[in-house]
Asks: 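Let me give you the structure first, and then I'll get to my questions.
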There are 2 protein chains.
Amino acid sequence: MDQIASKTGAYLKKLAAAGTGLENCPVRVVLAPLGSKWSPLVLQLLSERPYRFSELRRLVPDISQRMITQTLRDLERDGYVQREVLPTKPPSVTYSLTPMGHSLFDSYRHLLQWADANHDAVLAARAEFEGNQAS
Amino acid sequence: MDQIASKTGAYLKKLAAAGTGLENCPVRVVLAPLGSKWSPLVLQLLSERPYRFSELRRLVPDISQRMITQTLRDLERDGYVQREVLPTKPPSVTYSLTPMGHSLFDSYRHLLQWADANHDAVLAARAEFEGNQAS
DNA sequence: CTGGATCCTCTATGATACTG
DNA sequence: CAGTATCATAGAGGATCCAG
């Protein structure tokens, strides 16, 4: 495992220092929840303004009730999202990004923009790859 | 679905324009492969210098033979990684980042650095969240 | 050395029904 | 409205064996 420390950057060095393996990798700990199916979309939406639970559901019709709840819980758990229950009747709940959530999204945004800008190039690469496979 | 276009940014607008749903979301198309378990690590390693297959395996002991192959294939497929077979005996294969791969990693790096810098804050948020749950 | 082929397990996600 | 609980399933990932 020390080979990792000697061959790569700070992230992997900390990884090696963690001892057992990759489970404690600081990068992975933070990134793993963002790799879920709906987190990017929810973060994107909340980066604009707070939304209520039902608003988010309507904005993302494909998401199931179960998964939006879980996604929001995960984001809240990691400190990216703040949940506020308004004492109306029936109750309404708004979700908004915390300062850390906004900070995260500021970094995440670079990747989203890259993805948007290079979408076609990636699709082209895939098409060519498939073509070479066929030959 | 038009509500999405009216309420959110360019990414979701394109998403809506795609028609059927979220499967064609340009951001998701590009990001999904990066959310895999080993892609970030492999990209990180290859961003430093090219590596041979067996080198990568040794650097990341936890990865299975099957998964490193698949990860490299996926990255190659999307145009991030170039595979070169050297006519030695026995054959050796080197993997390196393409220009697009380096471009991707330049954007990805922001997120990695954020993750590294905010690792403790996220863990603290999780601990507090768990604590509140218990009460 | 580099991988392909198989089998198996576990987790993420989805569908559905129920509640304050 | 905003969830929780339960059941079902597809796909990611791991272990192992085989081959050019």
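Every chain is numbered from 1 and lettered A, B, ... according to where its sequence line falls, protein lines coming before strand lines.
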Asks: Which protein N or O atoms sit under 3.5 Å from an N or O of nucleotides 9-11 of chain C?
Replies:
none

Asks: Got a salt bridge between E128(A) and R77(B), using NZ or NE/NH1/NH2 to carboxylate O under 4.0 Å?
Replies: no
Asks: Please check: side-chain N/O of T71(A) versus main-chain N/O of I68(A), any donor-acceptor pairing under 3.5 Å?
Replies: no
Asks: Kindly write out the residues that satisfy ring-ring contact (aromatic ring centres under 6.0 Å, His included) with H110(A), not counting sequence neighbours, or none if the list is empty.
Replies: H110(B)
Asks: CD/E48(A) to CG/L59(A) distance, rounded to the nearest 0.5 angstrom?
Replies: 8.5 Å
Asks: Identify whether any heavy atom of R57(A) sits under 4.0 Å from a base atom; if not, whether one sits that close to sugar-phosphate; answer base, sugar-phosphate or nothing.
Replies: nothing
Asks: To the closest 0.5 Å, what do you measure between OG (S107(B)) and CD (Q113(A))?
Replies: 8.5 Å
Asks: Under the side chain to side chain contact (heavy atoms under 4.5 Å, CB included) rule, collect the residues that match up with V93(A), sequence neighbours excluded.
Replies: R83(A), V85(A), Y95(A)
Asks: Could you pull out all residues at least two apart from R126(A) that satisfy salt bridge (charged side-chain N to carboxylate O under 4.0 Å, His left out)?
Replies: D78(B)
Asks: Along DNA chain D, 5' to 3', what are the outermost nucleotides having an atom less than 4.0 Å from a heavy atom of chain A?
Replies: dC1(D) to dT6(D)
Asks: Can you tell me which residue pairs pass the salt bridge (charged side-chain N to carboxylate O under 4.0 Å, His left out) test with a partner in residues 86-106 of chain A, sequence neighbours excluded?
Replies: D106(A)-R109(A)
Asks: End-to-end bend of the helix from dC1(C)-dG20(D) to dG20(C)-dC1(D) (five-pair axes, 10° rounding)?
Replies: 50°
Asks: Can you measure from OG1 (T94(B)) to CZ (R52(B)) and round to the nearest 0.5 angstrom?
Replies: 8.5 Å
Asks: Hey, can you pull the residues of residues 82-94 of chain A with a non-hydrogen atom under 4.0 angstrom from DNA chain D?
Replies: R83(A), P90(A), P91(A), S92(A), V93(A)
Asks: Enter the distance from L46(A):CG to H102(A):NE2 here, rounded to the nearest 0.5 Å.
Replies: 8.5 Å
Asks: Taking side chain to side chain donor-acceptor pair (under 3.5 Å) as the definition, give me every residue that meets it alongside S54(A), ordered by chain and number, with sequence neighbours left out.
Replies: none
Asks: How long is the straight-line distance from OH of Y80(A) back to CE of M100(A), given to the nearest 0.5 Å?
Replies: 5.5 Å
Asks: For the atom pair CZ (R57(B)) and OG (S64(B)), what is the distance rounded to the nearest 0.5 Å?
Replies: 7.5 Å
Asks: Indicate for each nucleotide in nucleotides 12-19 of chain C, in 5' to 3' sequence, whether protein heavy atoms under 4.0 Å reach the base (B), only the sugar-phosphate (S), or nothing (-).
Replies: -BBB-B--
Asks: Please identify each residue that fulfils side chain to side chain donor-acceptor pair (under 3.5 Å) with N118(A), with sequence neighbours left out.
Replies: W114(A)
Asks: Partners of S39(B) by side chain to side chain donor-acceptor pair (under 3.5 Å), sequence neighbours excluded?
Replies: S36(B)
